2 protein chains.
Amino acid sequence: MTVEKFKTATLRLTPQRLAILEFLHGNASHPSADDIFCAVKKRFPTMSLATVYNTLEALRSVDGIRELKIDSSRRRYDPNTMRHHHLICHSCGTIVDIHAVYQLDVPPELSKKFDVVGNQVEFFGICRPCEDRKAGIIG
Amino acid sequence: MTVEKFKTATLRLTPQRLAILEFLHGNASHPSADDIFCAVKKRFPTMSLATVYNTLEALRSVDGIRELKIDSSRRRYDPNTMRHHHLICHSCGTIVDIHAVYQLDVPPELSKKFDVVGNQVEFFGICRPCEDRKAGIIG
DNA sequence: GTGATTGCAAACTGTTTGCATTTTG
DNA sequence: CAAAATGCAAACAGTTTGCAATCAC
């Protein structure tokens, strides 16, 4: 668990960090720094955004979080550091985790010039609720 | 060609836009707005960054460019709007295009809740030059 | 000539940094 | 007690916006 990783590193477990860890635990909403800040501020009114960034960096240093590049205007974070993929609804922006392993090869002329270590797939489409909503507007 | 797309839309072909189009044509370096700005400014010293963003938006509106979310600190652009994938060297950041079609399925419980339209694969690894450089330092 | 575009500066947003104060281990 | 973290404010970087002057069609 992430708490242990903090202890083995020279990282301190402050109440603020614990609150952030708790918010993140099992959280599959792929929150931004500000999402985390707003959620945790409810219990820690003095919490600062800088502390959120500080904690995210600490988490990253012990591989307790992964940074997503799915959103071009802000970084989003994923406490699930197991290799997985994402499916994004291009209508509402919902991001769903996909736990599957895809064994993909790059063209041979490239595999000579590159040592390919892994891949990450981003699926896109439209989710049922959005689809229904559209059908409602049109028909 | 993109010039035609501009004409059919109500978009005007200014010298600045032509210079940007020319810089972008066949360019596989996945430049940022600032990269484009710096490159084009050499010929157009009065060029402004706002014009670059304006042109990028105009291009996007006619599907003449695609926005990449590969870099978390700045947007990068790809004038190749054909569906393709990318291979990134996590040492030097080089981005290489991969033209291959991967027919991937999402788990059945998700395909019921989502109409999946496509996918984009990001491969990562290390390129030969970086690998050699590392070997040189170590050995 | 008219409506779109330019270029500048100012505004904005997300992220980072510096530092005095407080806290953890 | 020493080293690390907090919280604030200021600094930054990338992007967006408002607008008068200019330009393409």
Side-chain angles (χ1 to χ4, degrees), chain A residues 2-23 30-62 64-77 93, chain B residues 2-23 30-62 64-77 93:
Chain A
T2 317
V3 169
E4 272 73 59
K5 291 182 186 171
F6 263 69
K7 289 184 176 165
T8 49
T10 340
L11 296 169
R12 294 182 176 173
L13 271 173
T14 65
Q16 291 90 331
R17 288 186 169 178
L18 280 170
I20 292 174
L21 285 182
E22 193 177 317
F23 171 72
H30 312 86
S32 65
D34 194 62
D35 293 337
I36 298 169
F37 173 58
C38 292
V40 178
K41 192 160 59 170
K42 288 173 191 158
R43 275 204 280 148
F44 275 84
T46 75
M47 166 76 62
S48 102
L49 239 190
T51 297
V52 174
Y53 280 109
N54 173 331
T55 302
L56 290 172
E57 169 54 26
L59 276 168
R60 207 197 44 69
S61 74
V62 295
I65 206 164
R66 203 143 289 177
E67 193 182 294
L68 304 184
K69 291 173 292 188
I70 276 174
D71 191 330
S72 68
S73 63
R74 84 196 79 256
R75 291 182 192 152
R76 285 157 158 276
Y77 299 88
Chain B
T2 316
V3 169
E4 272 72 59
K5 291 182 185 170
F6 263 70
K7 289 185 177 166
T8 50
T10 339
L11 297 169
R12 295 183 175 171
L13 272 174
T14 65
Q16 291 90 332
R17 288 186 170 176
L18 279 170
I20 292 175
L21 285 183
E22 191 177 319
F23 171 71
H30 313 88
S32 66
D34 195 62
D35 292 337
I36 299 168
F37 174 58
C38 292
V40 177
K41 192 160 61 172
K42 288 172 191 159
R43 275 206 280 149
F44 275 85
T46 74
M47 167 75 62
S48 103
L49 238 192
T51 296
V52 173
Y53 280 109
N54 173 329
T55 302
L56 289 171
E57 169 55 24
L59 274 168
R60 207 197 45 69
S61 74
V62 295
I65 207 164
R66 205 144 287 177
E67 192 182 295
L68 303 183
K69 292 173 291 187
I70 276 175
D71 190 329
S72 68
S73 63
R74 85 195 80 256
R75 291 180 193 153
R76 286 157 158 276
Y77 299 87

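Just so we're clear, the structure is a prediction, and the values are computed from it rather than from any experiment. Reminder, nothing fancy here: chain letters follow the sequence lines and each chain counts from 1.
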Q: Give the minimum heavy-atom separation between A/Val40 and A/Phe23, together with the two atoms involved.
A: CG2-CB, 4.1 Å
Q: May I ask you to verify if any side-chain N or O of A/Arg74 is less than 4.0 angstrom from the OP1 or OP2 atom of C/dT13?
A: no
Q.
In whole Å, I'd like the distance from the CD1 atom of A/Ile20 to the C1' atom of D/dG7.
A. 13 Å
Q. Considering only side-chain heavy atoms of A/Met47, which listed nucleotide, C/dT15, C/dG7, D/dG7, is closest?
A. D/dG7
Q.
So for the helix from C/dG1-D/dC25 to C/dG25-D/dC1, with five pairs setting each end axis, what is the inter-axis angle to 10°?
A. 40°
Q. Starting at the 5' end of DNA chain C and moving along, which residue's nearest nucleotide shows up first, A/Leu11 or A/Leu49?
A. A/Leu49
Q: Quickly work out the A/Phe44 CZ to D/dT6 P distance and round it to whole Å.
A: 10 Å
Q. Of the candidate nucleotides C/dG7, D/dC8, D/dG14, which contains the atom at the shortest distance from the side chain of B/Thr51?
A. C/dG7
**Q.** Donor-acceptor contact below 3.5 Å, side chain A/Asn54 vs main chain A/Thr51
**A.** no
Q) Could you state the CG-C1' distance from B/Asp35 to D/dT15, rounded to the nearest angstrom? A) 15 Å
Q) When the distance from CD of A/Glu67 to C1' of C/dG14 is rounded to whole Å, what number comes out? A) 12 Å
Q | Closest listed nucleotide, where the reference is the side chain of B/Arg12 and the choices are C/dT16, D/dT16, C/dT2 | A | C/dT2
Q.
Looking at every non-hydrogen atom in both residues, tell me the closest pair between B/Leu11 and B/Ala58 and how far apart they are.
A. CD1-O, 3.8 Å
(Q) Quick check: any donor-acceptor pair below 3.5 Å linking the side-chain of B/Arg75 to the base of D/dG14? (A) no
Q. What is the distance, rounded to the nearest whole Å, between atom CD of B/Glu57 and atom C1' of D/dG14?
A. 16 Å
Q: Among the candidates D/dG7, C/dA9, C/dT6, find the nucleotide nearest to the side-chain atoms of B/Gln16.
A: C/dT6
Q: Test A/Thr2 against A/Ile65 for side-chain contact (heavy atoms from CB on, under 4.5 Å), laying out the working first.
A: CA-CA 9 Å; A/Thr2 317; A/Ile65 206 164; over 6 Å; no
Q. Closest to the B/Ser48 side chain: C/dG7, C/dT15, C/dT5?
A. C/dG7
Q) Is there a donor-acceptor contact under 3.5 Å from the side chain of A/Arg17 to the main chain of A/Arg12? A) yes
**Q.** Whole angstrom value for the distance that separates C1' of C/dT6 from CG of B/Leu13
**A.** 15 Å
(Q) Taking any heavy-atom pair under 4.0 Å as a contact, classify A/Ser32: base, sugar-phosphate, or nothing. (A) nothing
Q | C/dT16 OP1/OP2 closer than 4.0 Å to side-chain N/O of A/Tyr53 | A | no
Q: Ignoring backbone atoms, test whether A/Arg17 places a side-chain nitrogen or oxygen under 4.0 Å from the OP1 or OP2 oxygen of C/dT24.
A: no
Q) Say you draw a straight line from CZ of A/Arg76 to NZ of A/Lys69; how long is it, rounded to the nearest 0.5 Å? A) 15.0 Å
**Q.** Distance in Å, A/Thr14 OG1 paired with A/Phe44 CZ, rounded so as to fall on 0.5 Å steps
**A.** 7.5 Å
(Q) From CZ of A/Arg76 over to C1' of C/dG14, roughly how many Å is that when rounded to an integer? (A) 14 Å
Q. What integer distance in Å separates A/Phe37:CZ from D/dC8:C1'?
A. 11 Å
Q.
Any base atoms under 4.0 Å from A/Pro45, or only sugar-phosphate, or nothing? Heavy atoms, all strands.
A. nothing
Q: Could you pull out the closest heavy-atom pair between A/Leu49 and A/Ala33, with the gap in Å?
A: CD2-O, 4.1 Å
Q. Distance check: side-chain N/O of B/Thr14 vs OP1/OP2 of D/dA24, anything under 4.0 Å?
A. no
